[in-house]
Amino acid sequence: MTARRAETATASTLCLRVEDWNGHLPGQHVDVRLTAPDGYQAARSYSLAAPAAGGVDGVLEITVQRLPDGEVSAFLTDDLVVGDRLELRGPLGNWFVWQQDDPAPVLLVAGGAGLVPLMSMIRARDRAHIPTPFRLIHSVRTPDDRIYADELERLAAQPGGPSVTWLYTRTAPQTDKRRPGRLRPNDLNDGSNWTLDAAPTCFVCGPTGFVEEASNHLLAAGHHANRIRTERFGGR
Ligand SMILES: Cc1cc2nc3c(=O)[nH]c(=O)nc-3n(C[C@H](O)[C@H](O)[C@H](O)COP(=O)(O)OP(=O)(O)OC[C@H]3O[C@@H](n4cnc5c(N)ncnc54)[C@H](O)[C@@H]3O)c2cc1C
């Protein structure tokens, strides 16, 4: 690990230098394997948070949300220090990826750390100056739980930038008109017709229960199943 960046009180971005990395697509992930001195091993998947230039000594970024009783996430966010080495396998996943030459608009729906692979898509779009319409809906508990918030606000303010909406499940800013709570059908079907009429590709990512609810809302709103791509992080 070459650097660590706090994103929120409980989530950190880890920068990892990897030799002979041949690049990856926005949405792909790696498997991280830890081995204790007694030989005990634990492996978990982490999405790549940003596009990589590829080539020798690629620098990869993953963002890890620490779970209160999490075995691997707690180690990565609390104990790993700059200079430590990790075992990685990847890039993995060829379905939950955004192809930059696909002109279809993109609807991104994230719960918590499910934003990580979607942020890689947003960053790839921005770095390659691709005009494809992007809309992000990110569900978090409180404003303080928003990862990448400053960057997303900056990108959203640019001409042609992605549209970004945060939904709060527990505590919302006073100016927010929406009552805090879990994702509701109206949150995805807000009357801005492009989300349905333009047949966007939908990427949904987060805890398993969130992904199931969001996918059901999208289907009920008329989105086609073959245009909804999902990635489940586990938990409920
Ligand atoms: C393809 C893929 C990509 C992923 N990308 C990321 C990523 O970019 N960032 C990230 O932080 N995580 C990501 N995850 C989740 C990650 O792999 C781990 O599952 C997570 O870090 C928990 O591992 P742990 O060892 O800390 O918790 P564990 O010790 O395995 O579990 C602790 C407790 O938390 C529950 N739990 C496990 N996973 C979740 C979850 N996702 N949400 C809520 N509760 C949970 C368990 O049921 C258990 O009760 C991804 C998962 C997949 C499958």
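Note that the numbering runs from 1 along the sequence shown for the chain. In each ligand, atom 1 is the first atom listed, and ligand 1 is the first ligand listed.
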Check the pair Thr35, Gln41 against side-chain hydrogen bond (donor to acceptor under 3.5 Å, both in side chains), reporting the backbone distance first and the verdict last. CA-CA 4 Å; Thr35 305; Gln41 293 190 323; 3.0 Å; yes
Heavy-atom contacts under 4.0 Å to ligand 1, chain-then-number order, include exactly His29, Arg44, Ser45, Tyr46, Ser47, Thr63, Val64, Gln65, Leu67, Asp69, Gly70, Glu71, Val72, Ser73, Ala113, Val116, Glu231, Arg232, Phe233, Gly234, Gly235
Results of salt bridge (Lys or Arg N to Asp or Glu O under 4.0 Å) for Glu231 - residues two or more places apart only: none
Please tabulate, for the side chains in residues 80-95, all donor-acceptor contacts under 3.5 angstrom to protein atoms that are two or more places apart in sequence or on a different chain.
residue: Asp84; atom: OD2; partner: Val81; partner atom: N; Å: 3.0
residue: Glu87; atom: OE1; partner: Arg33; partner atom: NE; Å: 3.4
residue: Glu87; atom: OE2; partner: Arg33; partner atom: NE; Å: 3.3
residue: Glu87; atom: OE2; partner: Arg33; partner atom: NH2; Å: 2.5
residue: Arg89; atom: NH2; partner: Asp31; partner atom: OD2; Å: 3.1
residue: Asn94; atom: OD1; partner: Gln28; partner atom: NE2; Å: 3.3

Please examine the side chains of Pro26 and Arg125, heavy atoms only from C-beta on, and report whether any two atoms are closer than 4.5 Å. no
Return a table of donor-acceptor pairs under 3.5 angstrom between the side chains of residues 103-122 and protein atoms on other chains or two or more places apart.
none

Quick one: does NZ or CZ of Arg179 land under 6.0 Å from the six-membered ring centre of Tyr168, within 45 degrees of the ring axis? no
